[in-house]
Trainee: 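Before we start, here is the structure in question, set down as structure tokens.
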Protein chains: 2
Amino acid sequence: MTRWLDENEQRTWRAFLAASQRIQEDLDRQLQRDSGMPHAYYAILVRLSEAPGRRMRMSELATVANSSQSRLSHAVARLEERGWVRREPCPADRRVSWAVLTDEGFAALAAAAPGHVGAVRRSLFDRISPGQAEQLAAICAAILRDPDS
Amino acid sequence: MTRWLDENEQRTWRAFLAASQRIQEDLDRQLQRDSGMPHAYYAILVRLSEAPGRRMRMSELATVANSSQSRLSHAVARLEERGWVRREPCPADRRVSWAVLTDEGFAALAAAAPGHVGAVRRSLFDRISPGQAEQLAAICAAILRDPDS
DNA sequence: TGGAAGAAGTTGAGAGTTCAAGTAAGATGG
DNA sequence: CCATCTTACTTGAACTCTCAACTTCTTCCA
């Protein structure tokens with residue numbers, strides 16, 4: 001017995017899909033066009049830039065950047081080719097790699113950030129009220145709560 | 001002068017990104033695993049199934065399925081290989097193609113739907129209150145309003 | 001009428017993502 | 001102490017998506 005979506009749920013669901021896909025695509029296009037990187041790479045650079053020593057273990061980086069290990073591994077390989085990230089082996093646990101943000105990587109991130117923030121504002125925050133932003137935060141927290149399923 | 005995100009906006013933004021990516025990935029994984037199709041293909045089949053005569057012009061289909069023309073073109077090519085969709089030329093305007101859902105395609109959609117709806121419930125509606133669902137609908141409508149930018 | 005402009009759709013190449021499998025190294029426990 | 005389990009990460013292949021041409025056809029208008 002499938003419990004189908006009622007009309008309201010259907011509308012909500014489709015609006016959510018359309019909205020989130022639109023935002024994703026806007027951001028990806030903006031970053032690709034203006035800074036030559038996909039949004040996933042930008043997210044990796046951001047998280048690295050915030051880490052102590054601008055370095056992080058691959059698996060931890062994958063977690064905070066909402067990435068699978070495989071995706072991260074491929075991405076860091078590309079970022080390494082550009083000289084934006086460097087990998088270093090971990091002496092304490094030789095299974096572990098550290099990903100380190102280089103100065104060039106930091107510079108690329110700094111150059112990309114203003115345009116990206118502008119896109120985030122235009123596609124999200126300029127379109128909703130502060131109250132709605134609060135609601136959205138609570139809704140997203142609920143969606144993310146309890147990582148099972 | 002870049003207007004950066006304040007702490008609240010930052011938190012909201014990251015939660016939104018994480019939540020929407022998580023839902024997308026859950027759905028994609030579920031459909032791929034249980035029905036052998038990505039979510040984008042499922043969306044195409046759904047829209048076709050709702051159209052009169054289960055047929056739609058490619059460009060209209062692209063719009064309602066939140067797809068670019070190019071993406072749709074590639075996708076329909078794959079769906080055609082599986083026998084789920086058929087293309088027909090339009091006599092009235094010979095630039096136009098009709099995409100037509102076949103009986104096999106309809107059957108594949110019907111087989112996939114229950115599992116998909118279950119995933120939608122588990123990843124979204126089971127996690128938020130009815131009031132939050134209403135809020136979310138309004139927020140997404142605001143995000144989608146006025147297609148400029 | 002005849003071109004320019006625009007619309008519909010396709011195509012190929014390049015890039016990113018996923019999945020499954022594989023390597024290597026640290027933990028566990030009889 | 002050594003076999004097994006688990007963790008960390010990588011790799012390659014298959015697949016999807018994007019972007020920029022490109023073709024074909026229609027519309028516009030001078």
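The chains referred to below are lettered A, B, ... by the order of the sequence lines, with proteins before strands, and numbering in each begins at 1.
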Trainee: Remember a base hit wins even if backbone is also touched, and classify Ser97(A) as base, sugar-phosphate or nothing at under 4.0 Å, heavy atoms.
Mentor: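 Ser97(A): backbone/sugar contact only, no base atoms under 4.0 Å.
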Trainee: Which one, dT16(D), dA8(C), dT18(C), comes nearest to the side chain of Gln69(B)?
Mentor: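 Nucleotide nearest to Gln69(B)'s side chain: dA8(C).
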Trainee: Is the number of heavy atoms from other residues, nucleotides or ligands under 6.0 Å of Gln10(B) CD greater than 12?
Mentor: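 More than 12 within 6.0 Å, yes.
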Trainee: Checking side-chain polar atoms at under 3.5 Å, does Asp28(B) have a donor or acceptor matched by the opposite partner on Gln32(B)?
Mentor: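 On atom types as modelled, these side chains do not qualify, holding no pair under 3.5 Å.
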Trainee: Look at all strands and tell whether Asp28(B) reaches a base, only sugar-phosphate, or nothing, counting heavy atoms closer than 4.0 Å.
Mentor: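 Nothing, no heavy atom under 4.0 Å.
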Trainee: Measure the distance from CD on Glu88(A) to C1' on dC9(D) and round it to the nearest whole Å.
Mentor: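 My rounded result for the distance is 16 Å.
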Trainee: Do Glu104(B) and Arg82(B) meet the salt-bridge criterion of a basic N to acidic O distance under 4.0 Å?
Mentor: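 Salt bridge: no.
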Trainee: Hey, is the side chain of Ser70(B) pairing donor to acceptor with the base of dT11(C) inside 3.5 Å?
Mentor: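 Counting by modelled atom types and ignoring angles, a donor-acceptor contact under 3.5 Å is found here.
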Trainee: Whole angstroms only, please: what is the CD-C1' distance between Glu81(A) and dG16(C)?
Mentor: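 Going from CD in Glu81(A) over to C1' in dG16(C) covers 13 Å.
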Trainee: Checking Arg54(A) against Phe106(A): charged group under 6.0 Å from the ring centre and within 45 degrees of the axis?
Mentor: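 Positive - Arg54(A) is close enough to the ring of Phe106(A) and near enough to its axis.
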Trainee: Take the angle between the ring planes of Phe16(A) and Phe16(B) and call it parallel below 30°, perpendicular above 60°, tilted in between.
Mentor: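 The arrangement is perpendicular - the two ring planes meet at more than 60°.
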Trainee: Measure from CZ on Arg87(B) to P on dT11(C) and round the result to the nearest Å.
Mentor: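 It works out to 7 Å between those atoms.
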Trainee: How close or far is atom C1' of dC9(D) from atom CE of Met56(A), stated in whole angstroms?
Mentor: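 Answer to the nearest Å: 17 Å.
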Trainee: Both Val96(A) and Arg94(B) contact DNA chain D. Which one's nearest nucleotide lies toward the 5' end?
Mentor: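 Its nearest nucleotide being more 5', the pick is Val96(A).
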Trainee: Need to verify one output field. Residue with the more 5' nearest nucleotide on DNA chain D, Pro38(B) or Pro91(B)?
Mentor: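 In this pair, the answer is Pro38(B).
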Trainee: Starting the side chain at C-beta, find the nucleotide from dT18(D), dT26(D), dT16(D) nearest to Arg78(B).
Mentor: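 Closest nucleotide to the Arg78(B) side chain: dT16(D).
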Trainee: Hey, does Ala75(B) reach any base, or is it just sugar-phosphate, or nothing, if we go heavy atoms under 4.0 Å?
Mentor: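 Counting heavy atoms under 4.0 Å across all strands, no contact is made by Ala75(B).
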Trainee: Look at the side-chain N and O atoms of Tyr41(B) and state whether any lies under 4.0 Å from the OP1 or OP2 oxygen of dC15(D).
Mentor: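 Answer is no, no contact under 4.0 Å.
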Trainee: Mind checking Arg33(B) for me? I need base, sugar-phosphate or nothing, with any heavy atom below 4.0 Å counting as a touch.
Mentor: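 No contact at all - Arg33(B) keeps every heavy atom at 4.0 Å or more from the nucleic acid.
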Trainee: Rounded off to whole Å, could you give me the CD-to-C1' distance for the Gln32(A) and dC17(D) pair?
Mentor: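 That distance rounds to 11 Å.
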Trainee: Over how many whole Å does the gap from His74(B) atom NE2 to dA14(D) atom P extend?
Mentor: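 About 19 Å, once rounded to whole Å.
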Trainee: Of Gly36(A) and Asp93(A), whose nearest nucleotide on DNA chain C comes first from the 5' end?
Mentor: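 That would be Gly36(A).
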Trainee: For a quick check of understanding: with a heavy-atom distance under 4.0 Å over all strands, which category does Ala40(A) fall into, base, sugar-phosphate or nothing?
Mentor: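 It contacts sugar-phosphate atoms only.
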Trainee: Glu80(A) has an atom CD; how far is it from atom C1' of dC9(D), in whole Å?
Mentor: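 That distance rounds to 13 Å.
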Trainee: I need the CZ-C1' distance between Arg57(A) and dG26(C), as an integer number of Å.
Mentor: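 Distance check: Arg57(A) CZ to dG26(C) C1' gives 11 Å.
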Trainee: Nearest to the side chain of Arg95(B), which nucleotide is it out of dT16(D), dT10(C), dG6(C)?
Mentor: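 For the Arg95(B) side chain, the nearest candidate turns out to be dG6(C).
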Trainee: So that I can tick it off, tell me whether Glu9(B) and Arg121(A) are bridged by a salt bridge, with the cut-off set at under 4.0 angstrom between side-chain N and carboxylate O.
Mentor: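 Counted as a salt bridge, because a side-chain N and a carboxylate O are separated by less than 4.0 Å.
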